[in-house]
Amino acid sequence: MSFTLHGIGVSGGIAIGRAHLVSHATLEVNHYVVPPHQVASESMRFDAAINAVRLEFNALHHEIPVGAPAEFSAFVNLHRMILDDPTLSVEPRRIIETEQCNAEWAIKLQTDSLLAQFDAIEDSYLRERRNDVIQVVERILKALSGQPGYVPPPDTGDEQALILVAHDLSPADVVQFKRHNFASFITNVGGTTSHTAVVARSLNIPSIVALHRARELVRENELIIVDGSNGVLIVDPDARVLAEYQLRKQAFGEERHKLTGLRDTRAITRDGVAVELHANIELPEDVQQALANGATGIGLFRSEFLFLNRSDLPDEDEQFEAYRSVALAMKGWPVTIRTYDLGADKQIEDSEFQAINPALGLRAIRLCLTEPQRFLSQLRALLRASHYGHISILIPMLASSSEIDQTLLMIARAKASLDNEGIAYDRNVRVGGMIEVPAAALALDVFLRKLDFISIGTNDLIQYTLAIDRADESVAHLYDPLHPAILGLVSNIIKYANRAGVPVNMCGEMAGDVSLTRLLLGLGLRNFSMHAAHVPDVKQQVLNTDVSALKSAAQRMLKASEPLRLKLLLAKMNLTNTA
Ligand code: PEP
Ligand code: MG
């Protein structure tokens, strides 16, 4: 039966493919009594399922490409070990025999008892492994139901026809998709600027969040259409709708292809104003996409993603190699690396600490300053890498003067330790701060005096100014970059930084929103950093813009307060580009 669901489109374009449900087990299974003469065959059914999953893991292990991240094979091995442990591969057999029940029920009973034991474990690493047990159990249950679990082979053509349907995905889950080639993904929960959505946008595949019950309503392998531009999901479309969306998909692809021709064109407005368009990246390999889309620098390398999806932490040398590889690949173009912004929705695996309100807790620089050794090793790695390219260091979530002082002191300590060891680094490496907490925007003066540059993080600036949790879909509709408070703050940050001669850039999602490009140019912004995929669109807009004609229109928007009037003024600015 065909039906449509509406959510929040976080990455544009159209995908047409088969649904693949990403399970988070509820472990709801049927229970029935097996007559004595069928107990032996039920046990054999169980053994066959265990063998089938073992074969799946073997296949997965062999398909790991050379050079794939180490955690990939560690993850497969861990799941193999869990499967082979007698508590899962033997004990349910005993339950089938003694309880005379079906295999699924025996597995459920055994899993419940195992998970209860996990919950009682003190060690957080071991406790976390309960999810691995659930994932292995899900595979066994799938094998029993006759559908083998889907083993995503990295980078195969088949993935292009798959649309992942999940209740929720963490930013760490999504960043793993970068190594895959899925057509799209959709989730029940999430907000426009949740980190999950931010990473989704960087994958450059259509995606929708906040679809509420999609995971429950869509069935495995069902044909679905994802319209990421409009946040519309169409399940089991009829032939007419399918044909219509196939045409739209083709037109979207052709438009994208045309824009790739702009790669080597400089971003200069019609009246000769040069604009820098940089890329945001999460992993070193994203640099290739940045270059392919014509970015002339990396404006934000979210280094915390090096710390996710692993049970250990990257040491100084590993980080150094990652930062240096980006600096070298960018061949002298500027590279701004943000010190790790962990905490809130980006937790490392060994984190035992559960904040009461994580977005307002020990996050980003606050966390760094409580862990001086870990922070120092990142700073040393960054400084060492600065010898190999044009690196700047960016500090997230600064709110007060004392945090700037402490951070600069830590950088001085890192430099002194390198000096002692005779290790080279760029002595002029610039240190900048994210302006993403309203306090920083309102007390900008001290930031402009103490830092070499600033970068406006609109995602958090909006979250903290409008008091809307960016990961909570129930308040996602309140996200509003045109809110007068946001426009006022952004305009002042740009104005005062320009006046003080301190370079200012914007690296939040607003910078990659082509409908806001002219407004931001009119407010005086000249350096934008966004997901690489957005660079061609924004460049096209820059090329079609006359900045001198925008200033008074931008000022008119700053004076408006009614949402409808603001929208109309923006539409007029985008349509006519006249004062
Ligand atoms: C921001 O807050 O705007 C930003 C760029 O950083 P992040 O999205 O990683 O918090
Ligand atoms: Mg931020």
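Hydrogens, waters and symmetry mates are skipped; everything else that's a heavy atom, side chains included, is used. Note that ligands are numbered from 1 as they come in the structure, with each ligand's atoms numbered from 1 the same way.
Among protein heavy atoms, the minimum distance from atom 7 (P) of ligand 1 is reached at His195 NE2, 3.4 Å.
Salt-bridge check for Arg384 with Asp317: passed, with a basic side-chain N closer than 4.0 Å to an acidic carboxylate O. Salt-bridge annotation for Arg266 and Glu276: present, with a side-chain N of the basic residue lying under 4.0 Å from a carboxylate O of the acidic one.
The Mg ion (ligand 2) lies closest to atom OE1 when only the N/O/S atoms of Glu436 are considered.
For Arg338, the closest heavy-atom approach to ligand 1 falls below 4.0 Å. Met434 counts as a contact of ligand 1, since one of its heavy atoms falls under 4.0 Å from the ligand.
Ligand 1 has no N or O atom lying under 3.5 Å from any N or O atom of Glu304, backbone or side chain. In terms of polar-atom proximity, defined here as any N/O pair under 3.5 Å, Asn459 does make such a contact with ligand 1.
With 2.8 Å as the limit, Asp460 counts as an N, O or S neighbour of the Mg ion (ligand 2).
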Between Phe447 and Ile404, does the side-chain contact (heavy atoms from CB on, under 4.5 Å) criterion hold? Intermediate values first, please. CA-CA 8 Å; Phe447 290 79; Ile404 306 177; 3.6 Å; yes

Would you please test Asn544 and Arg518 for side-chain contact (heavy atoms from CB on, under 4.5 Å) and show each step? CA-CA 10 Å; Asn544 286 336; Arg518 283 189 176 162; 4.0 Å; yes

For Ile411 and Val429: C-alpha separation, side-chain torsions, deciding distance, then whether side-chain contact (heavy atoms from CB on, under 4.5 Å) applies. CA-CA 10 Å; Ile411 294 174; Val429 70; 5.6 Å; no

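The atoms of ligand 1 that sit less than 4.0 Å from any heavy atom of Leu300 are 5 (C). The ligand atoms of ligand 1 that sit less than 4.0 angstrom from a heavy atom of Cys507 are 5 (C). Residue Asp460 approaches ligand 1 through these ligand atoms, each under 4.0 Å from one of its heavy atoms: 1 (C), 2 (O), 3 (O), 10 (O). Each of the atoms 2 (O), 7 (P), 8 (O), 10 (O) of ligand 1 lies under 4.0 Å from some heavy atom of Arg470.
Remark: Ser386 OG to Arg324 CZ distance equals 12.5 Å, nearest 0.5 Å. Taken from CG in Leu360 to CZ in Arg366, the straight-line distance is 7.0 Å, to the nearest 0.5 Å.
For the residues Arg302, Met530, Arg363, Glu436, the heavy atom positioned nearest atom 9 (O) of ligand 1 is part of Arg302.
Relative to the ring axis of Tyr425, Arg427 places its NZ or CZ within 45° and under 6.0 Å from the centre.
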